[in-house]
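To start, the structure itself, in structure tokens.
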Number of protein chains: 2
Amino acid sequence: MGAARAEFQRTGYEAASTRKIASAAGCNPALISRYYGSKIGLFEAVMEECIDLAPLQGLPLPEMVEALADIALGKADPTGGFDPLVVAIKSSGSVEAQDVIRTKLGNPMVKQLAALIGGNNSDQKAGVILSIISGMFVGRVSVDAEALSADHDSALKELLVHAMTAVLSPDR
Amino acid sequence: MGAARAEFQRTGYEAASTRKIASAAGCNPALISRYYGSKIGLFEAVMEECIDLAPLQGLPLPEMVEALADIALGKADPTGGFDPLVVAIKSSGSVEAQDVIRTKLGNPMVKQLAALIGGNNSDQKAGVILSIISGMFVGRVSVDAEALSADHDSALKELLVHAMTAVLSPDR
DNA sequence: AAGGTAAGTCAACAGGTGATTACTTGGATA
DNA sequence: TATCCAAGTAATCACCTGTTGACTTACCTT
């Protein structure tokens, strides 16, 4: 349901009300309970849509790093304007949303990226990379820090590429 | 007010109710309006307490990086059990909380760290470092990813040190 | 045409929210 | 002692929340 995705992305799980979602979708709030059981059920359905990292498969390390940096800067749009990580961050105040986020988004993405990385500590490397991406989202979307604005994209990308390369380089 | 800090940290701004805060503090909810004007006023007062990066001043780069990595892993406790970044992340669903976070926490911390770093693009470097720290908080606290659990602290610290060093090294 | 089933609507619920108001108390000042 | 002011309390306001149950509508099958 597109309206739910948009609303969850705009305000996070807690602040998004079923009434607003339903009215944006042009339907009745009662339908949410009917079809998804509850609000958290709707959230679960929305978060099924994971970021797909398959396009990164087989890329040599420098290009993979560059692609990851683009994701961190919001330049890649793998899910058509819907950013599950933004939803996850904005929803992190809710305890019940956290469970959904961990099972539907967090651990699956770590596993997915770890498989692409391979080698020693690949889970931890993937976790750190995804943390860097998440952190950039926090800085740009939530905190809206001046230093991370799009004006400095080129400098930021260079920094991110260096950081991610340092994490992923296998020389240890 | 200690109870407010604890409650905001536990649930974020939106989900924390003035009634719960007041009852935890053993006082009347009306006192919040009286002394802080409103709930957001209380939040503003709580977020005044910024992370103090002064202890990092004058440290050579390798030690500064290590200290920052410790902060990212939650090993440093510069504000006595109160973690403004956790509050910021968990509160990022609320629009009004965002303003407070940006002005009281985000930009001040960037400036503070940028001053310690110096050199070209110090604002961006500081922003990326703080993003990495924030991201690790997201991964460990909100998403609670297995790969980032305390079991792997030594491997994680090594990765973080490499990443941060790559960001902060002046050779460019 | 009749019956059944799914889709959708509407009003109401019980509970929780932040904020305001009028009121009582306690201690200091003059 | 009488007065005043700040501190704290209790009740209440108007609003919003997710969810439920009874009801109407439309369509499809027999």
Side-chain angles (χ1 to χ4, degrees), chain A residues 1-48 84 86-105 142, chain B residues 1-48 84 86-105 142:
Chain A
M1 195 182 276
R5 284 198 289 206
E7 193 64 13
F8 282 136
Q9 172 148 351
R10 208 174 59 85
T11 66
Y13 174 75
E14 196 102 28
S17 79
T18 56
R19 281 177 162 84
K20 271 187 203 141
I21 292 172
S23 115
C27 78
N28 197 286
L31 293 180
I32 292 176
S33 292
R34 171 188 281 271
Y35 288 106
Y36 298 96
S38 63
K39 183 187 179 185
I40 193 70
L42 171 62
F43 186 69
E44 210 166 335
V46 162
M47 293 306 273
E48 288 284 355
V86 172
V87 180
I89 292 165
K90 289 192 175 178
S91 304
S92 58
S94 158
V95 180
E96 41 184 355
Q98 270 186 38
D99 283 351
V100 176
I101 292 167
R102 175 174 49 252
T103 57
K104 300 281 176 185
L105 192 71
S142 301
Chain B
M1 197 182 274
R5 284 198 289 206
E7 193 63 13
F8 281 137
Q9 172 147 351
R10 208 173 59 83
T11 67
Y13 175 75
E14 196 101 28
S17 80
T18 56
R19 283 174 162 85
K20 272 187 203 141
I21 293 173
S23 114
C27 77
N28 196 285
L31 293 180
I32 293 176
S33 291
R34 172 188 280 272
Y35 288 105
Y36 299 95
S38 63
K39 183 188 179 185
I40 194 70
L42 170 63
F43 187 69
E44 210 167 334
V46 163
M47 294 304 273
E48 288 284 355
V86 172
V87 181
I89 292 166
K90 290 192 176 178
S91 303
S92 58
S94 159
V95 181
E96 41 184 354
Q98 271 186 38
D99 283 350
V100 176
I101 291 168
R102 174 174 50 254
T103 57
K104 299 283 175 183
L105 193 71
S142 300

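Bear in mind that the values here come from a model prediction, so they are computed numbers and not experimental data. Lettering follows sequence order; numbering is per chain, from 1.
- Within residues 31-45 of chain B, the residues approaching DNA chain D are Leu31(B), Arg34(B), Tyr35(B), by heavy-atom distance under 4.0 Å.
- If you walk DNA chain C from 5' to 3' and mark each nucleotide with an atom closer than 4.0 Å to a heavy atom of chain B, the marks span dT17(C) to dT20(C).
- Within residues 8-22 of chain A, the residues that place at least one heavy atom under 4.0 Å from DNA chain D are, in residue-number order, Ala16(A), Ser17(A), Thr18(A), Arg19(A).
- Looking at Ser91(A), its side chain never comes within 3.5 Å of a backbone N or O of Ala88(A) through a donor-acceptor pair.
- Mapping heavy-atom proximity under 4.0 Å, the span of DNA chain D touched by chain A runs 5' to 3' from dT17(D) to dG21(D).
- With sequence neighbours excluded, the residues that form a salt bridge (Lys or Arg N to Asp or Glu O under 4.0 Å) with Arg102(B) are Asp144(A), Asp99(B).
- A side-chain hydrogen bond (donor to acceptor under 3.5 Å, both in side chains) with Glu7(A) holds for exactly one of Arg10(A), Gln9(A), Arg5(A); it is Arg10(A).
- Looking only at distances, no side-chain donor or acceptor of Thr11(B) sits under 3.5 Å from a matching main-chain atom of Phe8(B).
- Rounded to the nearest 0.5 angstrom, Ile101(B) CD1 and Glu44(B) CD are separated by 11.5 Å.
- For the pair Lys90(A)/Gln98(B), a side-chain contact is recorded, criterion being any heavy-atom separation below 4.5 Å from C-beta on.
- With a 4.5 Å cut-off on side-chain heavy atoms, Ser94(B) and Phe43(B) do not count as touching.
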What pairs of donor and acceptor atoms, side-chain ones from residues 13-36 of chain B against any protein atom, are under 3.5 angstrom apart with sequence neighbours left out?
from	atom 1	to	atom 2	distance (Å)
Tyr13(B)	OH	Ile40(B)	N	3.3
Ser17(B)	OG	Lys20(B)	N	3.1
Asn28(B)	OD1	Ala30(B)	N	3.0

